[in-house]
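Before any comments, here is the structure.
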Amino acid sequence: MGSPSCTDLTHPVDRSEALAAHHLERFRADGHVRLPGVFTPAELAAFEPTLTALVDARNQRRDKPWAAQTTYERAFVQITNLWRDAARARQFVFGRRLARLAAELLEVESVRLYHDQALYKEPSIGPGGHTPWHADQYYWPLASDRAITAWVPLVDVPLEMGPLCFAPGSQHFPAGRELAISDESEARCAEALRDAGFGHRVEPYALGDVSFHLGWTFHNAPPNQTATTRKVMTVIYIDAAMRVAAPRHAAQEKDLEVWFPGLGPGDLAASELNPVLWP
């Protein structure tokens, strides 16, 4: 990581840092990269209580029995657009540090927000609890692949807690792109990736590490086998010049309605929910 520039703002999440060349090279090849020490533990500790409180307040399946939950529901508690619920959450999501790294990894001049989402993986208390193999961009009505997710653990994430597992280089792999997160995507993507010779990479995360992955990079996550919740905040960025694509299925129609209100195919992907975050 580089040193803060003289134009940085005062809050730590707004102090931008340049990307190291070897991290960009890894990202180009693999479609994902883990960056150590993007934040200090103290910086994240300033936001975690607010983010967790927002997740708890909006967790609609808190009392749903494990046996009644779907594979998707068992994978994680997913709460979106926390930035609209609290000024503290907005400060984190709009932070320039992550946004600059996203722009440099995408190799674009500017990025805007697609949306944020908390992904809290609770301890597994029965079968399941894993996140099936999938590519995020299955859900996104976007005209190009210039979309990236910053995955920011708010706690240390050892291997037994269920960190992300990537198939390096799979961002160009066409098979499985038509599958939503499901038991079917777990089985079919695992088989297709294995038959095509892709390996997998899973690493523990220290508090402060951040990973980035492209929308078409295939990944999954094992279940959380610890007694504590895996708390992760994510921010999804798109090229500021991104255009909306015609939805290919119902899931993309829903995303178009939710994340790009008032927009249609061919429009600049710039609704009131998609502000430019860098520069």
Do you know the tightest heavy-atom contact between [X] and [Y]?
X      : Y      : answer
Ser110 : Val276 : OG-CG1, 3.3 Å
Cys189 : Gly176 : SG-CA, 4.0 Å
Val111 : Val108 : CG1-CG2, 3.8 Å
His23  : Pro36  : NE2-CD, 4.1 Å
Leu54  : Ala86  : CD1-CB, 4.0 Å
Leu44  : Val152 : CD2-CG1, 4.0 Å

So how far is it from [X] [atom1] to [Y] [atom2], rounded to the nearest 0.5 Å?
X      : Y      : atom1 : atom2 : answer
Trp140 : Trp216 : CH2   : CH2   : 9.5 Å
Phe27  : Leu19  : CZ    : CG    : 9.5 Å
Leu106 : Leu214 : CG    : CG    : 6.5 Å
Leu277 : Asp14  : CG    : CG    : 10.0 Å
Arg90  : Leu113 : CZ    : CG    : 10.0 Å

State whether the side chain of [X] and the backbone N or O of [Y] hold a donor-acceptor pair below 3.5 Å, judged by distance alone.
X      : Y      : value
Asn224 : Thr226 : yes
Arg34  : Ser211 : no
Thr217 : Gly215 : no

According to the salt bridge (Lys or Arg N to Asp or Glu O under 4.0 Å) rule, which pairs have a member within residues 219-236, sequence neighbours left out? Glu48-Lys231

Salt bridge (Lys or Arg N to Asp or Glu O under 4.0 Å) pairs touching residues 186-201, sequence neighbours excluded, are Asp30-Arg201, Glu178-Arg188, Glu184-Arg188

Arg84, CZ: over 12 other non-hydrogen atoms inside 6.0 angstrom: no

Taking CZ in Arg88 as the centre, count heavy atoms belonging to other residues, nucleotides or ligands within less than 6.0 Å. Is the count above 12? yes

Trp259 vs Asn81, side-chain contact (heavy atoms from CB on, under 4.5 Å): CA-CA, chis, key distance, verdict: CA-CA 9 Å; Trp259 308 125; Asn81 269 11; 3.5 Å; yes

Donor-acceptor contacts under 3.5 Å from residues 69-77 side chains, at least two apart:
from: Gln69; atom 1: OE1; to: Arg61; atom 2: NH1; distance (Å): 3.0
from: Gln69; atom 1: NE2; to: Lys64; atom 2: O; distance (Å): 2.9
from: Thr70; atom 1: OG1; to: Tyr72; atom 2: N; distance (Å): 3.4
from: Thr70; atom 1: OG1; to: Glu73; atom 2: N; distance (Å): 3.1
from: Thr71; atom 1: OG1; to: Asp183; atom 2: OD1; distance (Å): 2.8
from: Thr71; atom 1: OG1; to: Asp183; atom 2: OD2; distance (Å): 3.2
from: Tyr72; atom 1: OH; to: Gln78; atom 2: OE1; distance (Å): 2.8
from: Glu73; atom 1: OE1; to: Lys64; atom 2: NZ; distance (Å): 3.0
from: Glu73; atom 1: OE1; to: Thr70; atom 2: N; distance (Å): 2.9
from: Glu73; atom 1: OE2; to: Lys64; atom 2: NZ; distance (Å): 3.0
from: Arg74; atom 1: NE; to: Trp66; atom 2: O; distance (Å): 3.1
from: Arg74; atom 1: NE; to: Gln69; atom 2: O; distance (Å): 3.4
from: Arg74; atom 1: NH1; to: Pro127; atom 2: O; distance (Å): 2.8
from: Arg74; atom 1: NH2; to: Trp66; atom 2: O; distance (Å): 3.0

Using the side-chain hydrogen bond (donor to acceptor under 3.5 Å, both in side chains) rule, collect all pairs that involve residues 124-133, keeping only residues at least two apart or in two chains. Lys121-Thr131

Once side-chain hydrogen bond (donor to acceptor under 3.5 Å, both in side chains) is applied, what residue pairs with a partner in residues 141-167 remain, sequence neighbours excluded? none

Is any side-chain heavy atom of [X] less than 4.5 Å from a side-chain heavy atom of [Y]?
X      : Y      : answer
Leu273 : Phe260 : no
Leu82  : Met233 : yes
Leu51  : Tyr120 : yes
Leu35  : Asp209 : no

Just checking Tyr138 against His249, ring centres under 6.0 Å apart? yes

Using the ring-ring contact (aromatic ring centres under 6.0 Å, His included) criterion, which residues pair with [X]? Sequence neighbours excluded.
X      : value
Phe47  : His11, Phe92
Trp83  : Phe94
His200 : none

Taking side chain to side chain donor-acceptor pair (under 3.5 Å) as the test, write out the residues that go with Asp85, two or more places apart. Arg58

As a quick check of understanding, evaluate side-chain contact (heavy atoms from CB on, under 4.5 Å) for Glu25 and Val33, giving each step before the final call. CA-CA 9 Å; Glu25 292 171 2; Val33 67; over 6 Å; no

Let me check something: any side-chain donor-acceptor pairs from residues 161-174 under 3.5 Å, sequence neighbours excluded? List them with distances.
from: Ser170; atom 1: OG; to: Ala167; atom 2: O; distance (Å): 2.6
from: Ser170; atom 1: OG; to: Phe218; atom 2: N; distance (Å): 2.9
from: Gln171; atom 1: NE2; to: Arg28; atom 2: O; distance (Å): 3.3
from: Gln171; atom 1: NE2; to: Ala29; atom 2: O; distance (Å): 3.4

Is it possible for you to say whether [X] and [Y] belong to one hydrophobic cluster, with membership spreading through side-chain heavy-atom contacts below 4.5 Å?
X      : Y      : value
Ile79  : Ile181 : no
Val38  : Leu207 : yes
Leu142 : Leu268 : no
Val93  : Val210 : yes
Val258 : Leu119 : yes

Assess the side chains of His32 and His219: does a donor N or O sit below 3.5 Å from an acceptor N or O? no

Less than 3.5 Å apart, any donor N or O on the side chain of Asp136 or His213 sitting next to an acceptor on the other? yes

Apply side-chain contact (heavy atoms from CB on, under 4.5 Å) to Arg97 and Glu43, showing your working. CA-CA 12 Å; Arg97 188 182 307 185; Glu43 288 168 349; 3.2 Å; yes

List, by chain and number, the other hydrophobic cluster members for Leu179, where Ile, Leu, Val, Met, Phe, Trp and Tyr join if side-chain heavy atoms come within less than 4.5 Å, directly or indirectly. none

One pair to check against side-chain contact (heavy atoms from CB on, under 4.5 Å): Leu24 and Glu107. What are the steps and the verdict? CA-CA 9 Å; Leu24 178 57; Glu107 300 182 80; 4.1 Å; yes

Please set out all donor-acceptor pairs under 3.5 angstrom arising from side-chain atoms of residues 234-248, sequence neighbours excluded.
from: Thr234; atom 1: OG1; to: Gln117; atom 2: O; distance (Å): 2.7
from: Asp239; atom 1: OD1; to: Ala241; atom 2: N; distance (Å): 3.1
from: Arg243; atom 1: NH1; to: Gly266; atom 2: O; distance (Å): 3.2

Lys/Arg cation over aromatic Trp278: Arg96, 6.0 Å, 45° cone: no

